[in-house]
Amino acid sequence: GSDEEAAGTDGDTGADSDATETEDTGSDTEEGDSKEASEKLVIGFSQVGAESEWRTANTTSMQDAITDAGHELKFSDAQQKQENQIKAIRSFIAQKVDAIVFSPVVETGFETVLQEAKDAKIPVFLSDRAVDIEDDSLWVTFLGSDFIEEGKKAGNWLVEEMEGEGEVNIVELQGTVGSAPAIDRKEGFEQIISEYPNFEITKSQTGDFTRAKGKEVMEAFLKSDGDNIDVLYAHNDDMAIGAIQAIEEYGLKPAEDIVIIGVDAVKGAFEAMAAGKMNVTIECNPLFGPQMVEIIEQYLAGEEVPKRIAVEESMYTMDQAEELLPTRQY
Amino acid sequence: MKSLKLDYRQLPLLATFALFIMMYAFGSTRYTGFLSTQVFLNLFIDNAFLIIVAVGMTFVILSGGIDLSVGSVIALTSMVAASLVMNAQLSPWIVIPICLLVGSLIGLGQGCLIHFFNLQPFIVTLAGMFLARGLSYLISVETIAINNPFFDFMASSRIPLGDSFISISVVIALVVVVLAVFVGHYSKFGRNVYALGGNEQSAVLMGLPVGKTKIMIYVISGFCASLAGLVFTFYMLSGYGLHANGLELDAIAAVVIGGTLLTGGAGYVAGSVVGVLILGIIQTIIVFEGTLSSWWTKIAIGALLLLFIVFQRVIVIRSKVKKSSVT
Amino acid sequence: MQEQKTPRLVMEGITKEFPGVKALSNVSFQLFPGEVHSLMGENGAGKSTLIKVLTGVYSNDEGTVKLEGSPIHVANPLEAQDLGISTVYQEVNLCSNLSVVENIFIGRQIMKKGRIDWKEMKSRAEEVLARLNLTIDVTKLLSSYSVAIQQMVAIGRALNVSARVLILDEPTSSLDTDEVNQLFGVIRKLKDEGLAIVFISHFLDQIYEISDRITVLRNGELVGEYMTKDLPRIELVSKMIGKELDAVSSNRDEVAKKERGEVLLEVEQLARKGSVEPFNLDLHKGEIVGLAGLLGSGRTELARLLFGADKADSGEIKINGSKTKLNIPKQAISKGIAFCSEDRKAEGIIPDLTIRENIILAMQGINGVFNYIPKKRQIEIADEYIKLLNINPRNPEQLIKNLSGGNQQKVMLARWLITNPELLILDEPTRGIDIGAKAEIMKLMISLSKDGMSILFISSELEEVLRTCNKIVVMRDREKVSEIDNGKQVTQQDIMKQMAGGVV
Amino acid sequence: MAKSKLFWPIMVLVFILVFNLFFDPSFFTVEIRNGRFTGSLIDILNRGAPLMLISIGMTLVIATKGIDLGVGSVIAMSGAVGAMTVTGSPEGSLTPLFLAIVLALGVSVLTGVWNGVLVSRIGVQPIVATLILMVAGRGVAQLITNGQITTVYYEPYKFIGGGYLLMLPLSIFIVAFVFLIALYLTRKTSIGLFIESVGANPSASRLSGINSKNIILMVYMFSGLCAGIGGLILSSNVASADGNNAGLWYELDAILAVVIGGTSLMGGRFFLTGTIIGALIIQSLTTTIYSIGVPAETNLVVKAVVVLIVCLLQSPEFRNKVFGAFTRKGIKDTKDKGVTLS
Ligand SMILES: Nc1ncnc2c1ncn2[C@@H]1O[C@H](COP(=O)(O)OP(=O)(O)OP(=O)(O)O)[C@@H](O)[C@H]1O
Ligand SMILES: Nc1ncnc2c1ncn2[C@@H]1O[C@H](COP(=O)(O)OP(=O)(O)OP(=O)(O)O)[C@@H](O)[C@H]1O
Ligand SMILES: [Mg+2]
Ligand SMILES: [Mg+2]
């Protein structure tokens with residue numbers, strides 16, 4: 001009993017709407033294919049997990065947007081496991097929700113369950129990450145970031161900044177091995193860098209997207225090759241923040257002796273930049289919940305929606321950090 | 001008389017089953033849509049691979065060992081299958097035996113290390129876990145989607161059961177379970193496993209083929225893991241190095257919840273199946289609840305596990321007390 | 001004479017060394033078909049080791065083994081079985097998590113249509129045990145039976161094969177007279193069928209009753225091989241221990257005369273459902289009380305209640321006049337009670353620890369965590385008791401799991417003696433102990449009682465009970481049936497009558 | 001006995017360290033920088049501190065035939081409690097620091113009580129009992145931090161995991177202190193004896209008057225405490241608390257360290273010094289992988305191979321078959337284990 005209540009207040013979800021209501025809405029929706037946007041919808045949202053601050057911000061944004069719009073949310077956390085996500089989608093289907101939103105854990109492997117959703121006439125919306133499925137009738141639209149693009153942005157910024165400087169040695173802190181952002185951010189970055197022979201990635205190792213690992217790996221990099229590192233490219237800000245500590249402890253000045261590039265634009269990165277310890281962070285905006293809800297409402301109201309919608313994202317440098325810091329929500 | 005005695009030895013199993021029913025009843029009254037055949041069958045569809053792994057794990061645990069490599073072997077199998085089907089364009093009829101061989105070979109290697117060099121199973125299979133996952137990264141760090149008619153067929157065919165349906169994987173899993181129950185109860189090998197788990201020293205002195213049995217156990221577990229890997233691949237239609245991360249703990253939990261003693265020598269394959277269903281129903285309840293934040297999800301899983309285990313203990317302890325006072 | 005026959009089994013020049021111990025050196029052994037051949041020797045003489053070398057549990061360093069003239073190299077017990085060597089090892093070596101049926105058949109189950117035929121096996125198991133006059137529910141787990149029954153099951157398992165050689169390593173140590181007679185009947189029959197049988201025991205009576213020939217070992221060396229009928233007991237004993245036995249002079253006069261000290265322990269209507277019926281007992285200071293009874297008569301269970309190892313449902317216990325609750329062993333120990341369990345393997349030794357650590361364990365338990373006995377003192381204590389009880393090897397740092405069975409038993413005794421208890425409960429303390437050590441233990445008991453220690457002595461050997469106890473309590477079907485003051489006039493017959501329920 | 005057990009792990013450790021020399025000739029140099037000793041060796045000790053601590057606790061748990069899968073989550077919880085306590089605290093006072101330490105360690109010990117009660121009183125199998133905490137503990141940690149990575153700005157907090165004493169990282173002293181305490185308690189009091197006897201034969205221990213339930217409860221509490229200290233160090237070191245990722249999979253590394261150190265998972269005898277060496281092997285291996293530029297995707301394979309090599313070297317059976325194949329004695333020793341007959 002008390003668990004759910006606490007959870008309800010915690011995630012700002014409408015804990016007061018009870019199960020019977022759910023069913024009513026559910027059976028209503030089966031009658032008409034399209035309905036008024038103002039009608040109360042039941043939306044199933046399956047999130048990857050809570051592995052980072054970014055993710056938590058994304059979850060909150062989505063939850064708030066759905067409940068604020070007066071809809072009912074069925075939330076499920078996959079704990080980073082694809083099989084859990086598939087199970088969650090199956091039970092959303094069993095619960096006859098009006099729409100399913102999910103951030104796929106990986107790009108592949110959702111054909112079967114999405115086919116089941118399609119058969120049950122439940123529209124599926126992809127958030128944050130895409131799926132790799134040939135039959136694109138299985139989902140309505142994909143709203144999210146483009147990790148390759150983020151990697152490219154980082155590369156472009158670096159090239160612009162340091163082109164004239166001769167040999168540039170870069171160390172890279174990768175995300176979790178095999179995860180989509182790690183693969184794509186690496187790829188995008190390398191695409192740009194490879195065109196400039198004076199830029200070279202000398203070391204690259206995984207930091208598992210965490211501060212502690214980022215710090216530990218950077219420490220080892222510095223010990224073995226300390227004075228030859230010009231640039232650090234970290235696949236997320238958390239690892240960059242950890243690495244900054246390692247650099248300071250090693251006795252170098254972050255952002256001066258070593259240029260530091262992060263991705264995500266979380267609050268911590270702004271603090272670091274404001275303190276002059278980090279050069280740039282590429283935004284990967286998690287706050288697209290309202291945008292998603294709008295799309296769902298449009299679609300259920302019978303409107304056309306494009307297959308791919310990009311989230312608005314930019315890039316923040318040290319100079320902008322100070323004034324933007326107070327406005328950052330996550 | 002006879003049934004009474006059976007009751008006692010199979011009590012943990014029966015208790016577990018009763019708890020499963022209770023849980024199901026709880027879910028059905030609380031959530032709409034919960035009490036449908038499909039939701040029940042989904043437990044099997046979504047956990048077919050876990051059932052298969054848990055069956056293999058049951059033998060390992062019955063013998064007093066443990067196999068931590070199963071999750072990674074699933075990932076490796078999916079990766080091998082995906083790369084062979086998609087990159088090497090091999091026919092599934094060649095790929096499937098290769099996959100099963102991969103798992104069995106890893107099992108064989110582990111079994112030999114454990115037996116011939118007297119290494120501790122926990123560590124050998126922990127190394128196996130690192131190795132198998134590492135190997136799947138070596139094949140590719142990216143996920144490989146599978147587009148193949150056979151795999152599509154296995155993934156999407158539905159076997160109707162009244163209004164509802166099950167998948168082919170469920171049938172595979174059930175066949176494995178039936179075979180395992182037979183092996184466990186009616187084969188010499190199966191009984192040797194129990195003896196080995198009861199007292200290895202005695203098993204040696206009684207002249208049982210301890211070495212062969214031990215190695216065989218890990219081969220079976222490896223085989224089951226790779227078969228589960230194939231079923232998982234049908235389920236996901238992709239190969240991925242991060243697949244089934246931490247699944248070994250789920251499998252162990254399922255086996256133990258199903259009433260098998262980790263110290264070996266006592267337990268049933270059927271119990272492990274119930275154990276898997278219990279883990280499945282916990283998840284289903286949480287999804288149906290649909291309001292838990294990420295962290296409350298974790299806490300709720302822990303709490304439900306606790307509830308189960310404590311209930312089970314209480315039932316078993318109670319009945320033991322009763323039993324000894326009756327005789 | 002048997003010399004004209006060819007030996008079925010010949011072991012020659014067997015040497016086996018363990019780190020620090022030469023368990024066998026240049027031992028030879030012959031076994032003829034149709035004979036019962038006994039191996040005799042003190043605890044640690046190397047009897048079990050010889051058997052284990054023969055059956056491939058250990059590999060020998062030197063020496064050859066020939067079965068029916070052809071040399072064999074047995075790598076493991078499985079091969080030994082395949083060669084027709086069937087063995088009951090010392091200590092019960094079965095799987096207690098399996099049913100009795102399975103323990104008898106595992107490894108050679110009866111198969112029908114590719115599956116195990118449980119029904120057939122059950123009835124065959126019942127037959128096998130019936131030969132030993134044992135009727136129990138064979139589908140129950142082995143662990144639900146007492147050590148004695150487990151021992152019978154182990155024998156049943158060994159009998160259930162058509163073997164050429166049958167080896168029994170102390171099979172009778174936990175059996176009572178009836179069972180032993182039953183077993184001997186079977187052995188005689190097998191012998192007549194031409195089986196070659198090795199029989200190890202510390203009971204001289206049994207040796208003289210059943211065996212044709214005796215091989216004596218001492219300290220891992222062969223002393224000699226003798227025809228039983230040509231070897232007087234006294235001589236056998238002196239060959240075993242290498243000197244004359246200074247036998248326990250029967251102190252029964254003394255025992256009877258002994259005046260009682262004040263009451264130490266009063267037990268009133270103590271009971272536990274399903275194991276002990278309401279029980280009364282008075283135990284005086286310096287008194288030795290014997291508990292006699294058949295297998296499963298509830299002696300062990302009573303002892304466990306008195307020690308708090310099991311919880312009593314009703315009744316009360318008074319120690320030195322004050323009422324006490326004994327719910328866990330620790331309480332009993334702190335009240336000055338010690339309990340040496342009959343199941344040495346499961347409830348006695350801590351296999352991975354050394355002799356020293358095993359000896360001080362209970363004492364340290366009393367002392368608590370911070371009052372640690374300094375290591376030097378521990379070694380002193382251990383050395384003292386190693387000497388007192390003649391524990392072999394003498395090195396206190398040897399792991400107890402490497403000791404022979406009898407020596408492990410002595411370590412258990414040492415563990416309790418150093419706690420200097422007021423009441424010492426000994427459950428079959430002489431089981432598996434050689435004749436010299438047995439006499440030592442009985443002497444020790446008597447001298448301890450003279451110093452005021454009370455002893456509750458459980459033993460299946462009535463002779464021992466009669467020899468040492470002031471009072472004998474007989475139990476039958478978990479109930480006390482009588483209490484007999486010991487004295488010259490009391491005979492084994494009298495007690496057996498009580499144990500069996502009137503008719504003998 | 002203990003000495004021979006330590007020989008091979010030490011050899012492997014030395015080998016890993018020397019191996020680094022080929023890639024970094026200055027690997028063994030320790031220099032003074034910013035008034036502190038720095039160098040790869042110091043780093044290994046410093047980074048390995050949490051693992052060493054947790055492995056010490058794990059050793060005792062394993063000696064009782066138990067296992068503690070919850071330590072990773074306890075790390076996260078302890079860090080979360082510590083970090084949340086000091087958030088927003090003023091710089092000047094040290095009170096919040098002490099409060100954080102007390103609260104974090106208090107929570108950690110409580111988790112130990114929880115595990116211990118489940119195992120010793122309710123009789124739940126250790127692996128499942130602690131699995132509950134492994135799953136739920138992380139949830140609690142995230143609940144405490146509200147799912148955010150909480151950054152700590154309060155300087156004194158950073159001292160625990162990042163501070164220096166006598167020019168050396170404080171965490172090294174913390175490990176040394178805990179290690180010595182553990183060594184003292186297990187050698188100079190009877191706790192060590194009790195733990196080993198409970199692990200090797202619980203029913204015999206009970207009959208010898210040892211309260212095995214309390215012993216078991218105690219080792220889980222100690223393990224919780226060690227994990228708690230480790231959690232504080234980790235969290236303080238990066239000046240933040242991360243409920244989801246802090247201490248992830250530490251339990252496996254800790255168990256690995258214990259086993260490499262020669263303690264058997266079957267309970268009984270334990271070797272604390274061996275455990276420390278085991279933990280150092282794991283940490284040096286990790287550091288080596290980072291510094292010599294092994295591609296990220298091969299990390300796991302390298303780790304698997306090294307673990308297997310260490311275990312094989314420790315196995316007398318393996319050494320006899322490989323090194324001593326020609327000496328009679330070698331073969332003989334192998335066979336006399338009795339248990340592993342082929
Ligand atoms: N595995 C072992 N490791 C080291 N020493 C051993 C081992 N097994 C036996 N020993 C030693 O070998 C000697 C012979 O032991 P064995 O068990 O053969 O004696 P036994 O004659 O059977 O004695 P008992 O009558 O007590 O059973 C003893 O000193 C014993 O300590
Ligand atoms: N013939 C039998 N049939 C079934 N169960 C038996 C039999 N004999 C003993 N038992 C069981 O074994 C247990 C052993 O009883 P207990 O140990 O108290 O007997 P005991 O008098 O000490 O005999 P011993 O120690 O010689 O076996 C009892 O609980 C009883 O249930
Ligand atoms: Mg012997
Ligand atoms: Mg008895």
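No experiment lies behind these values; they were computed from the predicted model shown. Proteins come first, then strands; the chains are lettered A, B, ... in the order of their sequence lines, and each starts at number 1.
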Asker: Nearest 0.5 angstrom please: B/Ile61 CD1 to D/Ile127 CD1, how far?
Answerer: 7.0 Å
Asker: Using 0.5 Å steps for rounding, measure from the CD1 atom of D/Ile255 to the CG atom of B/Leu68.
Answerer: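 Rounded to the nearest 0.5 Å, the CD1-CG separation comes to 8.0 Å.
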Asker: Nearest heavy-atom pair of D/Ala136 and B/Gly302: which atoms, and what distance?
Answerer: CB-CA, 4.0 Å
Asker: Kindly compute the distance separating CD (B/Gln120) from OG1 (D/Thr263), expressed to the nearest 0.5 Å.
Answerer: 9.0 Å
Asker: Quick check on B/Leu305 against chain D: is it the side chain, the backbone, both or neither that has a heavy atom closer than 4.5 Å?
Answerer: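 Its backbone and side chain both get close to chain D.
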Asker: Measuring from D/Leu300:CG to B/Ser72:OG, what's the distance to the nearest 0.5 Å?
Answerer: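 If I round to the nearest 0.5 Å, the distance is 8.0 Å.
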Asker: Contact between D/Leu312 and B/Leu113 at the side-chain level, heavy atoms closer than 4.5 Å - yes or no?
Answerer: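 With C-beta onward as the side chain, the pair touches.
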Asker: Below 4.5 Å, heavy-atom pairs only: which of B/Thr297, B/Val256, B/Val310, B/Thr263 has the largest tally toward chain D?
Answerer: B/Val256
Asker: Would you say the side-chain atoms of D/Glu317 pair up with the backbone N or O of B/Asn118, donor to acceptor, closer than 3.5 Å?
Answerer: no
Asker: Give a yes or no on whether B/Phe311 atom CZ has more than 12 heavy-atom contacts from other residues, nucleotides or ligands under 6.0 Å away.
Answerer: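 No, not enclosed.
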Asker: Counting only non-hydrogen atoms closer than 4.5 Å, does D/Leu69 touch chain B with its backbone (N, CA, C, O), its side chain (CB onward), both, or neither?
Answerer: side chain
Asker: With heavy-atom distances below 4.5 Å as the criterion, would you say the side chains of D/Val305 and B/Phe130 are in contact?
Answerer: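 No, too far: nothing below the 4.5 Å cut-off.
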Asker: Please classify the contact between B/Ile66 and chain D as side chain, backbone, both or neither, with a heavy-atom cut-off of under 4.5 Å.
Answerer: side chain
Asker: Mind checking the CG-CE spacing from B/Leu249 to D/Met134? Nearest 0.5 Å is all I need.
Answerer: 5.0 Å
Asker: How close do B/Arg313 and D/Ile122 get, heavy atom to heavy atom, and via which atoms?
Answerer: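 Looking at all heavy atoms of both residues, the shortest contact is NE-O, 2.8 Å.
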Asker: Testing the basics here: between D/Ala304 and B/Ala127, what is the closest heavy-atom pair and its distance to 0.1 Å?
Answerer: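 Shortest heavy-atom separation between D/Ala304 and B/Ala127 comes out as CB-O, 3.3 Å.
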Asker: Nearest 0.5 Å, what's the CH2-CG distance between B/Trp295 and D/Asn146?
Answerer: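 Rounded to the nearest 0.5 Å, the CH2-CG separation comes out at 5.5 Å.
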Asker: Looking only at heavy atoms and a cut-off of under 4.5 Å, which of D/Val306, D/Val128, D/Leu133, D/Ile260 has the most pairs with chain B?
Answerer: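 Looking at each of D/Val306, D/Val128, D/Leu133, D/Ile260 in turn, D/Val128 comes out on top.
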Asker: So which atom in B/Leu119 and which in D/Ser315 form the shortest heavy-atom distance, rounded to 0.1 Å?
Answerer: CD2-CB, 3.6 Å
Asker: Can you tell me which portion of B/Leu304 sits under 4.5 Å from chain D's heavy atoms? Options are side chain, backbone, both or neither.
Answerer: neither
Asker: Give a yes or no on whether the backbone of B/Phe116 and the side-chain of D/Lys321 come within a donor-acceptor separation of less than 3.5 Å.
Answerer: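 Yes, because the side chain of D/Lys321 sits within donor-acceptor range (under 3.5 Å) of the backbone of B/Phe116.
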Asker: Where do D/Leu265 and B/Phe122 come nearest, in terms of heavy atoms and distance?
Answerer: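 Here D/Leu265 and B/Phe122 meet closest at CD1-CB, 3.0 Å.
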Asker: Which bit of B/Leu306 is near chain D, if near means a heavy-atom gap under 4.5 Å: side chain, backbone, both or neither?
Answerer: both
Asker: With a 4.5 angstrom heavy-atom cut-off, which part of D/Leu118 approaches chain B: side chain, backbone, both or neither?
Answerer: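 When you check distances to chain B, only side chain atoms of D/Leu118 fall under 4.5 Å.
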Asker: How close do B/Leu262 and D/Gln125 get, counting heavy atoms only, and between which atoms?
Answerer: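 Closest approach of B/Leu262 to D/Gln125: N-OE1, 2.6 Å.
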Asker: Among D/Val307, D/Val259, D/Leu256, find the residue that satisfies the side-chain contact (heavy atoms from CB on, under 4.5 Å) test when tested with B/Leu126.
Answerer: D/Leu256
